[in-house]
Amino acid sequence: MDNGETTALILLDLSAAFDTVYHRTLKTRLHEIGIQGKALDWIISFLSGRTQRVRLPPFRSEATNIICGVPQGSSLSPTLFNIYMAALAQVAQQHNLNILTYADDTHLILLLTKDPHTAKSNLHEGMESVAEWMKNSRLKLNSDKMEVLILGPTPSAWDDSWWPTALGTPPTPTNHARNLGFVLDSSLTMSKQVNAVSSSCYNTLRMLCRIFKWIPIETRRTVTQALVSSRLDYGNALYTGIQAKDLLHLQRIQNASALLILDIPCRSHISHHLRNLHWLPVDKRITFKLLTHAHKALHDTGLTYLNNRLSFYTPTRQLRSANLALTVVPRIQRKTSGGRSFSYLAAKTWNTLPANLRQTQDLLTFRRLVKPWLFDQ
């Protein structure tokens with residue numbers, strides 16, 4: 001977007017994904033990545049011997065052995081599903097399609113405007129290959145529920161001709177899409193997400209208000225952190241650089257939570273109450289999360305696609321700044337897009353830290369020191 005390009009985010013939908021993992025194919029793929037012997041036998045034993053039946057009183061069917069599916073709710077199941085899906089990335093990359101996966105959420109990323117003819121050809125061939133791979137893996141690709149989110153200045157770059165006819169009716173581009181519980185809009189303003197969080201949190205606070213007068217303060221705090229604060233903090237690194245009005249909406253939720261916990265009048269000044277609860281204001285909580293990701297990226301302990309976007313500044317000749325653990329701030333073209341990117345904002349925010357914090361190697365120590373520093377800003 002910072003370069004003026006337009007991108008399509010294609011959100012694939014799998015029907016009953018965890019329930020359609022074929023055990024025989026999974027065993028083969030486990031063996032291919034080096035899980036063999038007793039470890040493989042243990043996993044197959046975990047999946048085998050399960051039965052199901054249908055009961056409609058007074059009738060009951062015979063028990064049938066289950067030959068597919070990983071049990072939902074088990075900590076092992078997401079890992080097994082990821083192994084089952086791992087080869088899909090190679091299929092997409094063969095057609096120059098970028099792919100992001102998290103459990104059964106699979107997304108393709110396609111640049112529309114740089115070379116439209118080649119991009120369209122890659123998408124047609126790639127989607128057909130993906131559909132064929134899904135079919136061979138006994139996974140059901142649900143064409144009717146797939147979504148396309150167009151990100152960039154020229155949404156008209158996408159039309160029905162981009163969609164392979166073999167996959168049925170082309171999806172209509174949407175203005176926003178839910179991805180892992182986070183609502184992304186076509187301009188990446190996050191306003192739709194803020195509205196969704198606000199509605200959910202205020203509904204929860206209204207219900208808690210009815211029972212909090214009988215509950216001690218410590219219990220109120222625990223419940224509020226679990227049901228409200230967790231929603232404010234979920235994915236909050238994506239809120240960096242959002243509009244002031246949206247940030248104010250989130251801050252009002254936190255203020256209302258604190259007032260409810262402490263049972264104080266709604267007109268009270270809130271800053272010192274937040275500090276007594278040891279709650280950073282929303283904007284500083286966002287900064288705290290951003291700096292945490294930056295520390296992981298700079299020390300190669302974070303996600304690969306973030307690690308590659310930050311690097312320490314190394315001067316060409318010996319200068320005093322060489323030992324200050326400063327980062328390289330990339331050039332941007334647009335404040336509304338590049339100015340909100342992780343590579344720019346994380347680097348710029350990191351360089352505002354005191355030297356002793358930037359030079360802290362241990363993540364837990366870094367987090368422990370950054371929080372009081374943010375309180376004092």
What pairs meet the ring pair (Phe, Tyr, Trp, His ring centres under 6.0 Å) rule with one or both residues in residues 96-152, with sequence neighbours excluded? none

Please determine which of T118, N122, T7, N96 meets the side chain to side chain contact (heavy atoms under 4.5 Å, CB included) test together with L111. T7

Pairing residues for R334 by the side-chain hydrogen bond (donor to acceptor under 3.5 Å, both in side chains) criterion, not counting sequence neighbours: none

Quick one: ring pair (Phe, Tyr, Trp, His ring centres under 6.0 Å) partners of Y84, sequence neighbours excluded? none

In the structure I gave you, are the side-chain heavy atoms of I66 and T51 within less than 4.5 Å of one another anywhere? no

I need the full list of side-chain hydrogen bond (donor to acceptor under 3.5 Å, both in side chains) pairs touching residues 17-33, with sequence neighbours left out, sorted by first then second residue. R29-S137

Kindly indicate, with the supporting measurements, whether the criterion side chain to side chain contact (heavy atoms under 4.5 Å, CB included) is fulfilled by F288 and R367. CA-CA 8 Å; F288 179 80; R367 288 166 58 92; 3.8 Å; yes

What residues form a side-chain hydrogen bond (donor to acceptor under 3.5 Å, both in side chains) with N136, not counting sequence neighbours? none

Check for a donor-acceptor pair, side chain of R50 on one end and backbone N or O of N65 on the other, with a separation under 3.5 Å. no

Pair L9, V148 - check side chain to side chain contact (heavy atoms under 4.5 Å, CB included), show working. CA-CA 6 Å; L9 178 67; V148 175; over 6 Å; no

Would R340 and F342 count as a cation-pi pair here, with the cationic atom under 6.0 angstrom from the ring centre and within 45° of the axis? no

Excluding sequence neighbours, so at least two apart, what forms ring pair (Phe, Tyr, Trp, His ring centres under 6.0 Å) with W350? F366

Which residues satisfy the salt bridge (Lys or Arg N to Asp or Glu O under 4.0 Å) test with R275, sequence neighbours excluded? D376

Where at least one partner belongs to residues 129-158, residue pairs that pass salt bridge (Lys or Arg N to Asp or Glu O under 4.0 Å), sequence neighbours excluded: none

For S200, all residues meeting side-chain hydrogen bond (donor to acceptor under 3.5 Å, both in side chains), sequence neighbours excluded: R231

I need the full list of salt bridge (Lys or Arg N to Asp or Glu O under 4.0 Å) pairs touching residues 282-291, with sequence neighbours left out, sorted by first then second residue. D233-R285

Step-by-step side chain to side chain contact (heavy atoms under 4.5 Å, CB included) determination, L97 to L110: CA-CA 6 Å; L97 296 178; L110 182 71; 3.6 Å; yes

Run the side-chain donor-acceptor check on residues 182-195: report pairs under 3.5 Å with partners two or more places apart or on a different chain.
{"residue": "D185", "atom": "OD1", "partner": "S187", "partner atom": "N", "Å": "3.1"}
{"residue": "D185", "atom": "OD1", "partner": "L188", "partner atom": "N", "Å": "2.9"}
{"residue": "D185", "atom": "OD1", "partner": "T189", "partner atom": "N", "Å": "2.9"}
{"residue": "D185", "atom": "OD1", "partner": "T189", "partner atom": "OG1", "Å": "3.2"}
{"residue": "D185", "atom": "OD2", "partner": "T189", "partner atom": "N", "Å": "3.3"}
{"residue": "D185", "atom": "OD2", "partner": "T189", "partner atom": "OG1", "Å": "3.3"}
{"residue": "D185", "atom": "OD2", "partner": "M190", "partner atom": "N", "Å": "2.8"}
{"residue": "T189", "atom": "OG1", "partner": "S191", "partner atom": "N", "Å": "3.4"}
{"residue": "T189", "atom": "OG1", "partner": "S191", "partner atom": "OG", "Å": "3.4"}
{"residue": "S191", "atom": "OG", "partner": "D246", "partner atom": "OD2", "Å": "2.8"}
{"residue": "Q193", "atom": "OE1", "partner": "V183", "partner atom": "N", "Å": "2.8"}
{"residue": "Q193", "atom": "NE2", "partner": "Y239", "partner atom": "OH", "Å": "3.4"}
{"residue": "N195", "atom": "ND2", "partner": "S191", "partner atom": "O", "Å": "3.3"}

By side-chain hydrogen bond (donor to acceptor under 3.5 Å, both in side chains), which residues pair with N82, not counting sequence neighbours? none

